[in-house]
2 protein chains.
Amino acid sequence: MPTPPQPRPKPRSGAGALPDPSPAAPLTERQEARRRRILHASAQLARRGGFDAVQMREVAESSNVALGTLYRYFPSKVHLLVATMQDQLQQMHATLHKHPPEDTGAAARVAATLMRAFRALQREPQLADAMVRALNFADRSVSPEVDTVSRLTTAIILDAMGLQDQPTPEQLSAVRVIEHTWHSALITWLSGRASIAQVKIDIETVCQLIEVTAPRD
Amino acid sequence: MPTPPQPRPKPRSGAGALPDPSPAAPLTERQEARRRRILHASAQLARRGGFDAVQMREVAESSNVALGTLYRYFPSKVHLLVATMQDQLQQMHATLHKHPPEDTGAAARVAATLMRAFRALQREPQLADAMVRALNFADRSVSPEVDTVSRLTTAIILDAMGLQDQPTPEQLSAVRVIEHTWHSALITWLSGRASIAQVKIDIETVCQLIEVTAPRD
DNA sequence: CGCTAACCTAGAACAAGTTTCAGGATTCAC
DNA sequence: GTGAATCCTGAAACTTGTTCTAGGTTAGCG
């Protein structure tokens, strides 16, 4: 990878160096539209045939964009799929927000939330395959994007816990471990090495950590 | 992937169909030697430059084997790297067996063991990168091999727990969750999104599950 | 309106994983 | 020791991710 990745199209700004790294540049309307077309095509192809079916040439063609342009928006296939995951997660987060779990107890609520997310993925296993494989295959060059996904997941879990105050460090550790378990369990399920029932048990098991680490007042 | 994978070279057996799926066929001495040369070359290249540096053509050349032969032994790059991981894990298991952890309490022993394994990987981060990326990228066609790795990991953890009797289902769940955490934490470390300290905390956090699920007699 | 920088397109070119094929080398059965 | 089955080799071909190039297009700006 000779060229350093440029997370987003560098919009009209200065000469050539990246002058404003964080705001990630406001896209024009047409650019935003292109970006969405690309993400849509990506998800569509993924739903069909999983990771392998998301072929860059096809994505470009489906979204009416030149191959070079696709690479300008997403510097690699993994970047593209991780961005697709961000997209899907955001939708899921919104959905969960509208219908929060009603169980009693933080652990039960988190487990219920994760299982709900799980069932959503179950409905589109190929899409899940593409996204999760990409996420786990990502190398350092995708860290920022992967990190965003991670923060989204954390937010979903913290939401489900329904905390009153700031989470303690112990709770954050528990949440991280839950995330680890979630990702890894997803993989074992996707590769057919674990059943849904198994995943459910693992999720419920790890959610016990929430109680173990609950602050005693 | 038009051709169904054949986990190992199909040794002289019948006409063409796989008549004896499980025993995986005894290899002749020269074949065993080839296999080892290949695995050695794979690990060597991986140590140098991680996943990307393990190029099938190079592996073939380094191990003095034709490309086609390499593919007969390992039907894909991922198969090869997962097999490499099996190899390394076996060595590690043997080492751990000779120097078991001396901490008091199952949870502490497991955590200590995993951190020791972790430090071993830390010494060859590129090799770790190659193996772990492969493991997590593996699709269904590699399930048997990935499962072997999983069983090896489970064995290491159970060993560290030093159980007297058969593990209860709850304990097995806890072990699975620990494995999930281990794998996922490894990834976050490899991709530079978590520090060693963070990994240590996560491992120790998840190991609390061992106590939570310990059978009360 | 016309300039200019940045963007986009079409298409070739390159890289590495994987497959295929023709022929030589091994190995087992007899 | 001969033959058949299998294995191994060397090399080319194919696939798909990624890069590069030349030229047309768009958007802000004087």
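Lettering follows sequence order; numbering is per chain, from 1.
Open room surrounds NE2 on A:His40; 12 or fewer heavy atoms of other groups in view lie less than 6.0 Å from it. Heavy-atom contacts from other residues, nucleotides or ligands closer than 6.0 Å to CD of A:Gln122 number more than 12.
Note: NZ (A:Lys77) to P (D:dT15) measures 16 Å, nearest angstrom. Atom pair B:Phe137:CZ and D:dG17:P shows a separation of 10 Å (rounding to whole Å applied). B:Arg35 places its CZ atom 13 Å from the P atom of D:dC8, with the value rounded to the nearest Å. Between the P atom of D:dT18 and the CG atom of B:Asp52 lies a distance of 10 Å, rounded to the nearest Å. Regarding B:Met56, its CE atom lies at a distance of 12 Å from the C1' atom of C:dT19, rounded to whole Å. Note: NE2 (A:His79) to P (D:dT19) measures 11 Å, nearest angstrom. Atom CG in A:Leu70 sits roughly 10 Å away from atom P in D:dG17 (whole-Å rounding). Look at CD on A:Glu32: it is 18 Å from C1' on D:dT26, rounded to the nearest Å.
One finds a salt bridge joining A:Lys200 and A:Glu204 here, because a Lys/Arg side-chain nitrogen approaches an Asp/Glu carboxylate oxygen to under 4.0 Å. A salt bridge links A:Glu32 with A:Arg36: the distance from a Lys NZ or Arg NE/NH1/NH2 to an Asp or Glu carboxylate oxygen falls below 4.0 Å.
The residue among A:Thr69 and B:Val54 whose nearest nucleotide of DNA chain C is located toward the 5' end is A:Thr69. Of the two residues contacting DNA chain C, namely A:Leu67 and B:Phe51, the nearest-nucleotide position lying further toward the 5' end is that of A:Leu67.
Set against C:dG17, D:dG10, C:dA10, the side chain of B:Ala66 has D:dG10 as its closest nucleotide. Nearest nucleotide to the B:Arg57 side chain, out of D:dT16, D:dA13, D:dC8: D:dA13. Distances were taken from every side-chain heavy atom of A:Tyr71 (C-beta onward) to each of C:dT9, C:dT19, D:dG17; the shortest belongs to D:dG17. The side chain of A:Arg72 sits closest to C:dC8 out of D:dA27, C:dT18, C:dC8. The side chain of A:Tyr73 sits closest to C:dC8 out of D:dC8, D:dT26, C:dC8. Nearest to the side chain of A:Arg34, among C:dT9, D:dT18, C:dG17, sits C:dT9. Between C:dT27, C:dC8, D:dT9, one nucleotide has an atom nearer to the side chain of A:Gln31 than all others, and that is C:dC8.
In summary, the side chains of A:Ser62 and A:Gln44 do not present any donor paired with an acceptor at a separation below 3.5 Å, with no hydrogens or angles considered.
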